[in-house]
*Asks:* 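Have a look at this one before I ask anything.
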2 protein chains.
Amino acid sequence: MSNKEGVSKETRKKVLKEAKRIGYRPNQLARELVTKQSNTIGVIIPDILNPFFAEIAKGILEEASIKGYTALLCVTNWDVQLEKKYIKNLEEKRVEGIIIKPCEDEQKLEDSINTPYVILEGNNVNSAHSCVEVDNEKGGYIGTKHLIECGYRKIAYVGGKKYAYSNEKRLKGYKRALAENNIDLDENLILSGEFDSKSGYELAKTALADNPHIDGIFCGNDVMALGVLHYANQAGINIPEELGVVGFDDISYASLPQIELTTVYQPKYNLGKLAVNTLLDDIKEGKEKTLKRIILQPDLIKRKTTRKI
Amino acid sequence: MSNKEGVSKETRKKVLKEAKRIGYRPNQLARELVTKQSNTIGVIIPDILNPFFAEIAKGILEEASIKGYTALLCVTNWDVQLEKKYIKNLEEKRVEGIIIKPCEDEQKLEDSINTPYVILEGNNVNSAHSCVEVDNEKGGYIGTKHLIECGYRKIAYVGGKKYAYSNEKRLKGYKRALAENNIDLDENLILSGEFDSKSGYELAKTALADNPHIDGIFCGNDVMALGVLHYANQAGINIPEELGVVGFDDISYASLPQIELTTVYQPKYNLGKLAVNTLLDDIKEGKEKTLKRIILQPDLIKRKTTRKI
DNA sequence: CTGAAAGCGCTAACAG
DNA sequence: CTGTTAGCGCTTTCAG
């Protein structure tokens with residue numbers, strides 16, 4: 001049936017007969033059980049409504065399909081408990097590997113995952129997984145530097161969870177840009193919340209209430225930036241004259257003519273594709289896998305939420 | 001191990017021992033093979049980057065997880081061949097059921113699916129599946145009626161694939177609204193393309209070039225409306241004074257202060273939840289299942305791309 | 001209440 | 001080249 005080298009007449013007959021018999025479908029489950037290959041990978045992301053993750057997911061799904069794999073997609077809503085549950089489920093389903101963007105610190109994952117896995121936006125110091133990401137520090141740097149070059153001086157950092165890996169990296173880049181330009185770091189200008197629009201809105205409100213002299217905001221991601229823009233719009237703050245805003249990710253909505261958000265581009269789709277190829281390599285290499293650390297380059301996209309220079 | 005009524009001492013000991021032994025994980029595959037219950041459903045949607053589908057997917061994923069099911073998500077990019085391939089894969093994986101938004105006419109699906117399935121936005125005349133959708137005809141009607149009430153008279157219909165079920169329904173509602181208000185139907189004003197932003201842009205361009213007197217556009221979905229708005233913006237057309245635009249879906253970006261798109265709301269998340277519950281019911285009921293046809297109500301959301309009345 | 005045995009649908013490793 | 005057999009890791013059934 002699985003056409004290896006074989007007969008010619010007999011086989012063909014059988015095939016025809018089988019095909020007839022009310023649509024025979026080979027039972028993958030049985031096959032997986034005996035070959036110990038599920039041809040399935042697990043994918044865990046925090047938020048499918050954020051186009052950033054949606055596009056990564058798209059890249060993952062497509063690449064997996066091309067490589068003959070199916071993907072089990074799980075979304076955690078940034079809930080660590082759910083994340084744990086999903087990992088357990090996936091392992092019981094005998095996925096061959098997992099691609100995960102952790103809700104929190106990835107260090108804790110080490111214990112709970114016994115399957116090969118690659119982390120999206122995480123480090124792999126001392127650990128047994130590969131990871132793929134964009135150079136977040138550089139992204140934070142070029143975004144902030146651009147604000148400075150546009151003449152903004154009191155620049156706030158409005159980010160996601162304080163100790164999230166990507167947030168820390170971007171923040172580091174932000175600080176470096178400030179330092180290089182002799183702008184004193186003001187810790188009060190560093191705010192953190194969630195990686196969503198609502199949080200962007202609230203944080204902008206708080207920040208500008210507490211420090212009315214803020215004239216620039218570097219956002220942890222585009223979705224937050226949208227929230228910041230929302231607040232600014234509502235508060236009658238003129239963008240980009242009174243306030244410069246830069247985001248991170250370059251989601252498709254950032255380029256809408258009504259938005260024109262200056263932002264730091266990430267190759268999202270590619271990140272997804274690379275994640276599965278890296279994972280598949282790791283799986284193939286088995287125990288003696290060489291851990292990979294894939295870092296893509298971000299890119300500054302100048303649009304209209306920052307002044308022209 | 002699966003704690004039924006049993007021992008007390010002996011069992012506990014075993015459990016402890018097993019737990020110790022380098023993390024024992026029950027093999028779901030084997031269990032599924034013998035119980036013939038995979039606790040898995042398949043989900044096939046055309047486009048995960050469209051927030052409409054992303055939110056439906058979210059509803060599906062969450063509800064499935066709550067009900068103890070895992071979901072295999074497949075995205076087709078509106079490619080019928082891929083859709084077929086995914087259906088085959090899912091059946092070989094022995095999913096218990098499939099939730100699908102078909103790329104094309106769902107009539108053709110009948111032959112290829114041998115598993116219980118529910119269709120998102122499709123009819124179930126003479127067929128063996130349930131379906132869940134919003135009242136698309138009504139949606140088309142209230143959207144168009146609103147344009148008329150705002151004083152627009154030359155209203156174009158810019159939709160997706162001509163013979164897609166949801167498109168046909170919405171178009172029907174559009175025609176009914178026109179007829180009820182004694183506005184002559186002009187077939188030249190009915191355009192169709194793809195359900196994406198680019199197509200909205202192109203269609204708006206064509207429509208307005210061919211018929212400069214158009215003063216209103218009813219769009220097949222919000223993503224297309226965004227494209228229409230993009231073109232209008234670029235062509236210097238004043239919205240809503242010179243041109244009224246209404247969308248369909250109410251994706252989150254429609255409510256952004258920079259967009260404020262008037263649109264027809266769909267309970268997307270709920271649609272997803274209901275789809276899985278309907279499917280699970282159908283699975284449970286087995287052969288004697290009573291087919292369901294679940295129709296939710298759309299709602300007009302007036303924002304700023306149509307004139308105030 | 002517990003242990004042993006059968007079998008889910010397939011593949012792999014054998015002989016014929 | 002074919003047919004047979006064993007067994008993947010579990011659940012279920014049936015004795016002990």
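We name chains A, B, ... by the order of the sequence lines, and we start the count at 1 in each one. Quick note: numbers below take in every heavy atom, side chains included, and nothing from hydrogens, waters or symmetry partners.
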*Asks:* Whole angstrom is fine here: how far is it from CZ in A:R94 over to P in D:dG9?
*Replies:* 8 Å
*Asks:* Whole-Å distance between C:dG9 P and A:Q28 CD?
*Replies:* 15 Å
*Asks:* Taking the side chain of B:A30 as its heavy atoms from C-beta onward, which of D:dT12, D:dG9, C:dC10 lies nearest to it?
*Replies:* D:dG9
*Asks:* State whether B:K101 and B:E121 are salt-bridged, where the test is any N-O pair (Lys NZ or Arg NE/NH1/NH2 against Asp/Glu carboxylate O) under 4.0 Å.
*Replies:* yes
*Asks:* Between the side chains of B:N77 and A:E62, is a donor N or O closer than 3.5 angstrom to an acceptor N or O?
*Replies:* yes
*Asks:* Consider side chain to side chain donor-acceptor pair (under 3.5 Å). Of B:T290, B:T278, B:D282, which one does B:S130 pass it with?
*Replies:* B:D282
*Asks:* Taking the side chain of B:T35 as its heavy atoms from C-beta onward, which of C:dT11, D:dC10, D:dT12 lies nearest to it?
*Replies:* D:dT12
*Asks:* Whole angstrom is fine here: how far is it from CG in B:N39 over to P in D:dT11?
*Replies:* 12 Å
*Asks:* Just wondering, do B:E133 and B:Q266 contact through their side chains at under 4.5 Å, heavy atoms?
*Replies:* no
*Asks:* Does the side chain of A:L90 reach to within under 4.5 Å of the side chain of A:I44, using non-hydrogen atoms?
*Replies:* yes
*Asks:* Using atom CG of B:L33 as one end and atom C1' of D:dT12 as the other, report the distance to the nearest whole Å.
*Replies:* 14 Å
*Asks:* A:K36 side chain N/O closer than 4.0 Å to the phosphate oxygens (OP1, OP2) of C:dT11?
*Replies:* no
*Asks:* Using a 4.5 Å cut-off on heavy atoms from C-beta on, say whether the side chain of A:T76 contacts that of A:Y86.
*Replies:* yes
*Asks:* Distance-only, no hydrogens or angles: does the B:E63 side chain make a donor-acceptor pair with backbone N or O of B:G272 under 3.5 Å?
*Replies:* no
*Asks:* Could you tell me the separation between the CD atom of B:E92 and the P atom of C:dT11, rounded to a whole number of Å?
*Replies:* 11 Å
*Asks:* CZ of A:R25 versus P of C:dC10: gap in Å, rounded?
*Replies:* 12 Å
*Asks:* Rounded to whole Å, please give me the gap between CZ in A:R31 and C1' in D:dG7.
*Replies:* 17 Å
*Asks:* Rounded to 10°, tell me the angle between the two end axes of the helix from C:dC1-D:dG16 to C:dG16-D:dC1, each built from five pairs.
*Replies:* 50°
*Asks:* Tell me the interatomic distance from A:L29, atom CG, to C:dC8, atom P, rounded to whole angstroms.
*Replies:* 15 Å
